Amino acid sequence: MNKARSIYKMLLKKYGYQGWWPLLELEEKDPNSRGYHPGDYGYPKNDAQRFEICCGAILTQNTAWKNVEAALRNLRDAKALQAEQLLRVRLPQLRVLIRPAGYFNQKSAYLRTFAAFFRKLDERIPGRDELLGLKGIGPETADSMLLYAFKQPKFVVDAYTKRMCSQLGLIESSKYDDVKGFFERQLPREVPLYQEYHALIVEYAKRNYTKKITCPIDESL
DNA sequence: AACCAGGACGTGA
DNA sequence: TCACGTCATGGT
């Protein structure tokens, strides 16, 4: 078994299924779930949920998820959490709605750009390069959208992933595409696997790398 | 009360 | 290509 698989196995045993990506609707149905849906890969179930995930992907750039949730709730309560509707909101108002997520000047513009793109999609699955062409969507955001909203087997690499790889000495390069390739070459192209793996890395990193502290290598990995 | 969080962009070397 | 400054709120 290769390293990518064995690490996944250990992380899964340690933390269990994560059930990403969180959705507002699920959090309210069961606050205890915090929006996650472990074991159920049937999400998103509709266009609105797809759009919500994409907005979350943009809003969470370098931002704590809790702040993103507040912004998403504001959007939904203002009936602006669907592409068509979001485009009707005036820019100053949009800034106010997403304020808790920070960077509201940039992100408000990013959301508009993306909403226009999303509306035009009309059920079609966007290509990675198309997404990267939009202002405000870099490699991680594009892969997050593709993996969690459009269910395409794209491995998501974030700062935590690079940090873990570097700490465990898995790969020399920390360039996005190199790290992404490292995992994609070793794993079967399965969406649930990619989804869980990224979420597990985040969970692992939150427990080991926070507060300026890098814990010693977890030997169980 | 600094420091950080599920990054991306613009700029200058 | 690549390092670096910038963007902003809320929690610790």
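Each chain gets a letter, A, B and so on, in the order its sequence line appears, and its residues count up from 1. The model shown is predicted, which means the values in this text are computed figures rather than measured ones.
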Need one value for [X]: base, sugar-phosphate or nothing, where a base atom within 4.0 Å counts as base even if backbone is also close, heavy atoms only.
X	answer
Gln106(A)	base
Ile137(A)	sugar-phosphate
Leu134(A)	sugar-phosphate
Phe114(A)	nothing
Lys162(A)	nothing

When the [atom1] atoms of [M] and [N] are compared, how many Å lie between them, rounded to an integer?
N	M	atom1	value
dC7(C)	dC4(B)	C1'	15 Å
dT9(C)	dA1(B)	C1'	16 Å
dA8(B)	dG10(C)	P	22 Å
dC3(B)	dT6(C)	P	16 Å

Check: Tyr36(A) side chain, dG6(B) base, donor-acceptor under 3.5 Å | yes
Rounded to whole Å, please give me the gap between [atom1] in [X] and [atom2] in [N].
X	N	atom1	atom2	value
Met145(A)	dA8(B)	CE	C1'	12 Å
Tyr204(A)	dG6(B)	OH	P	16 Å
Tyr209(A)	dG6(B)	OH	P	14 Å
Glu69(A)	dG10(C)	CD	C1'	13 Å
Ile98(A)	dG7(B)	CD1	C1'	14 Å
Asp143(A)	dG7(B)	CG	C1'	13 Å

By centroid distance (under 5.5 Å) and plane angle (under 30°), are Trp65(A) and dG6(B) in a stacked arrangement?
-> yes
Evaluate whether the aromatic ring of Trp21(A) and the six-membered ring of the dG6(B) base sit under 5.5 Å apart, centre to centre, with an inclination under 30°.
-> no
Relative to the ring of Trp21(A), is the ring of Tyr148(A) parallel (under 30°), tilted (30 to 60°) or perpendicular (over 60°)?
-> tilted
Phosphate contact ([N] OP1 or OP2) by [X] side-chain N/O below 4.0 Å:
X	N	result
Lys107(A)	dA8(B)	no
Asn105(A)	dA8(C)	yes
Lys135(A)	dG10(B)	yes
Thr141(A)	dA8(B)	yes

Any side-chain donor near an acceptor of the partner, Glu190(A) and Tyr197(A), under 3.5 Å = no
If you measure from the Lys or Arg side-chain nitrogens to the Asp or Glu carboxylate oxygens, is any gap between Arg76(A) and Glu28(A) under 4.0 Å?
-> yes
Ionic contact status for Asp47(A) with Arg50(A), cut-off 4.0 Å | yes
Among Leu170(A), Ile201(A), Asp178(A), side chain to side chain contact (heavy atoms under 4.5 Å, CB included) partner for Cys165(A) | Leu170(A)
Which nucleotide in the list dA8(C), dT9(C), dG6(B) gets nearest to the side chain of Arg99(A)?
-> dT9(C)
